Undergrad: 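Provided herewith is a single structure, encoded as structure tokens, for subsequent inquiry.
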There are 2 protein chains.
Amino acid sequence: MSKNLEFTYKLRSSGLRPTRQRLKICEVLFNRDKTFHFTINDLAKDISKQLNEKISLATVYNTVHAFKNKGYLKEISINSDKNYFDTNTTSHHHFFDQDTNELIDCTDEVVETPKIKKNILGKKINSVEVLIKVATDNQNQK
Amino acid sequence: MSKNLEFTYKLRSSGLRPTRQRLKICEVLFNRDKTFHFTINDLAKDISKQLNEKISLATVYNTVHAFKNKGYLKEISINSDKNYFDTNTTSHHHFFDQDTNELIDCTDEVVETPKIKKNILGKKINSVEVLIKVATDNQNQK
DNA sequence: ATTATATATTATAATTATTCTAAACTGTTG
DNA sequence: CAACAGTTTAGAATAATTATAATATATAAT
Ligand SMILES: [Mn+2]
Ligand SMILES: [Mn+2]
Ligand SMILES: [Zn+2]
Ligand SMILES: [Zn+2]
């Protein structure tokens with residue numbers, strides 16, 4: 001359980017009590033090689049499958065929002081139907097597959113962050129992100 | 001009522017009956033100099049203020065979606081809290097003011113559309129749009 | 001270790017946004 | 001002026017999210 005210890009420290013260091021539920025959610029979210037995108041519903045389902053114990057949906061919401069506020073997750077709104085979270089919290093760009101509703105990270109080889117030549121007076125730029133919408137190459141343009 | 005005639009033709013030409021409600025919504029949305037962004041709720045409120053007659057919320061939803069499907073409106077998801085529509089249906093970029101939840105169109109002088117160097121196999125690129133999130137220039141980074 | 005305190009979890013209710021339904025209404029065609 | 005399909009409407013239904021308030025837990029204080 002060295003991973004578990006890690007998560008415990010991580011949570012404590014940001015002022016979050018390392019509860020059983022939060023540690024399990026950490027496990028599901030952060031005990032992986034690659035970052036990924038998820039919806040809260042997907043996450044809740046994953047948890048109830050992967051783990052024998054159930055976590056209340058309200059707790060999943062609370063925890064995801066707490067993790068987001070601490071900077072461990074990023075929220076991404078791309079589609080009015082689904083609200084995504086991203087375990088990759090760095091600034092980055094996305095493909096959005098309109099056929100499958102899947103989000104895919106872009107590497108630097110795909111697209112460079114565009115330069116902003118003018119800003120709005122009195123405001124600070126917090127992020128510049130590119131979204132590329134793709135779909136199957138049929139002639140159904142709608 | 002020359003504008004009204006115009007809207008009548010526009011609707012007919014796309015197979016939509018020019019009903020009283022649709023014409024009023026056209027008036028509110030398209031009888032302006034500049035394009036703008038709105039939420040369905042804002043639109044419903046605007047209508048009940050600007051006009052003496054009420055339009056059912058379901059009709060506003062129906063009409064906005066019909067107009068979107070006909071290409072007269074564009075849907076923009078940027079914020080999990082609010083779902084926007086845009087009367088500017090061209091491909092373009094946006095500032096999003098995180099203080100006010102306001103969307104602002106970017107001109108070409110602000111940012112150029114980035115080049116996509118690689119695409120996902122078997123998929124067609126439907127749009128490439130940049131989102132610039134801004135907020136007041138205090139040191140409150142959260 | 002026991003107790004006290006603040007914080008977190010939970011089931012459920014409440015709220016909000018959106019879609020569905022089915023009856024009434026209206027625009028268009030003949 | 002029928003007749004008909006398409007449209008609007010109020011209200012019900014659904015879905016996503018947030019609020020509530022009682023219970024449980026983690027940590028700090030004794
Ligand atoms: Mn929609
Ligand atoms: Mn949220
Ligand atoms: Zn991502
Ligand atoms: Zn716009």
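To find a chain, count down the sequence lines: A is the first, B the second, and so on, and within it residues start at 1. Only heavy atoms go into these numbers, but all of them, side chains included; no hydrogens, no water, no symmetry mates. Remember, predicted model here, so these are calculated numbers, not experimental data.
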Undergrad: What's the closest nucleotide to the side chain of B:Arg17 if the choices are D:dT7, C:dA8, D:dA19?
TA: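 In terms of side-chain proximity for B:Arg17, the closest of D:dT7, C:dA8, D:dA19 is D:dT7.
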
Undergrad: Could you pull out all residues at least two apart from B:Glu112 that satisfy salt bridge (Lys or Arg N to Asp or Glu O under 4.0 Å)?
TA: A:Lys117

Undergrad: Can a cation-pi geometry be assigned to B:Arg32 and B:Phe36, taking NZ or CZ under 6.0 Å from the six-membered ring centre and within 45° of the ring axis?
TA: yes

Undergrad: What residues in residues 19-27 of chain A put a non-hydrogen atom under 4.0 Å from any atom of DNA chain C?
TA: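 Within residues 19-27 of chain A, the residues near DNA chain C are A:Thr19, A:Gln21, A:Arg22.
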
Undergrad: Is the count of non-hydrogen atoms from other residues, nucleotides or ligands lying under 6.0 Å from A:Asp108 atom CG greater than 12?
TA: no

Undergrad: NA contact type, A:Lys82, heavy-atom cut-off 4.0 Å: base, sugar-phosphate, or nothing?
TA: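 Since no nucleic acid heavy atom lies under 4.0 Å of A:Lys82, the category is nothing.
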
Undergrad: Rounded to whole Å, how long is the line connecting atom NZ of B:Lys45 with atom P of C:dT16?
TA: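 Distance check: B:Lys45 NZ to C:dT16 P gives 11 Å.
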
Undergrad: Within this structure, what is the CG-to-P distance between B:Asn62 and D:dT8, rounded to whole angstrom?
TA: 7 Å

Undergrad: Does the side chain of B:His65 get closer than 4.0 angstrom to OP1 or OP2 of C:dT19 through an N or O atom?
TA: yes

Undergrad: Can you sort out the partners of B:Tyr9 under ring pair (Phe, Tyr, Trp, His ring centres under 6.0 Å), two or more places apart, ordered by chain and number?
TA: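 With sequence neighbours excluded, B:Tyr9 shows a ring pair (Phe, Tyr, Trp, His ring centres under 6.0 Å) to no residue whatsoever.
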
Undergrad: Rounded to the Å, how far apart are A:Leu11 CG and D:dT27 C1'?
TA: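 These atoms are roughly 15 Å apart.
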
Undergrad: At under 4.0 Å, does any side-chain N or O of B:Thr59 touch on OP1 or OP2 of D:dT9?
TA: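 Yes, such a contact exists.
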
Undergrad: Any base atoms under 4.0 Å from B:Ile40, or only sugar-phosphate, or nothing? Heavy atoms, all strands.
TA: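 Here B:Ile40 touches no strand at all.
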
Undergrad: Expressed as a whole number of angstroms, how long is the span from B:Asn41:CG to C:dT15:P?
TA: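 Nearest whole value for this atom pair: 16 Å.
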
Undergrad: Whole Å only: how far is the CG atom of A:Leu57 from the C1' atom of D:dA19?
TA: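 These atoms are roughly 14 Å apart.
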
Undergrad: Output every pair passing salt bridge (charged side-chain N to carboxylate O under 4.0 Å, His left out) with a member in residues 39-67 of chain A, not counting sequence neighbours, ordered by first then second residue.
TA: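 Listed by first then second residue: A:Arg20-A:Glu53, A:Lys24-A:Glu53.
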
Undergrad: Round to the nearest Å and state the distance from A:Lys68 atom NZ to D:dT17 atom P.
TA: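 Those two atoms, NZ and P, are 12 Å apart.
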
Undergrad: Between the protein and nucleotides 28-30 of chain D, which nitrogen or oxygen pairs come in under 3.5 angstrom?
TA:
none

Undergrad: In terms of side-chain heavy atoms of B:Ala58, which of D:dT27, D:dT7, D:dT9 is nearest?
TA: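 My answer, after comparing the listed nucleotides, is D:dT9.
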
Undergrad: Tell me, please, which residues at least two apart from A:Thr113 pass side chain to side chain donor-acceptor pair (under 3.5 Å).
TA: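 Result, side chain to side chain donor-acceptor pair (under 3.5 Å) vs A:Thr113: A:His93.
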
Undergrad: Mind calculating the distance between CD (B:Glu75) and C1' (C:dT18) to the nearest angstrom?
TA: 11 Å

Undergrad: Is B:Lys123 salt-bridged to A:Asp137, going by a charged N under 4.0 Å from an acidic O?
TA: no

Undergrad: Answer yes or no on whether B:Lys10 is positioned over the face of B:Tyr72, meaning its NZ or CZ is under 6.0 Å from the six-membered ring centre and within 45° of the axis.
TA: yes

Undergrad: A:Leu51 CG to C:dT9 P: how many Å, rounded?
TA: 15 Å

Undergrad: Could you go through B:Glu109 and A:Lys118, starting from their C-alpha distance and side-chain angles, then the distance that decides it, and tell me whether this counts as salt bridge (charged side-chain N to carboxylate O under 4.0 Å, His left out)?
TA: CA-CA 7 Å; B:Glu109 301 147 34; A:Lys118 264 185 197 174; 3.2 Å; yes

Undergrad: Just so I know, are the side chains of B:Asn83 and B:Ile78 near enough to count as touching, which here means a heavy-atom distance under 4.5 Å?
TA: no

Undergrad: Does a nitrogen or oxygen in the side chain of A:Tyr61 sit under 4.0 Å from OP1 or OP2 of D:dT18?
TA: no

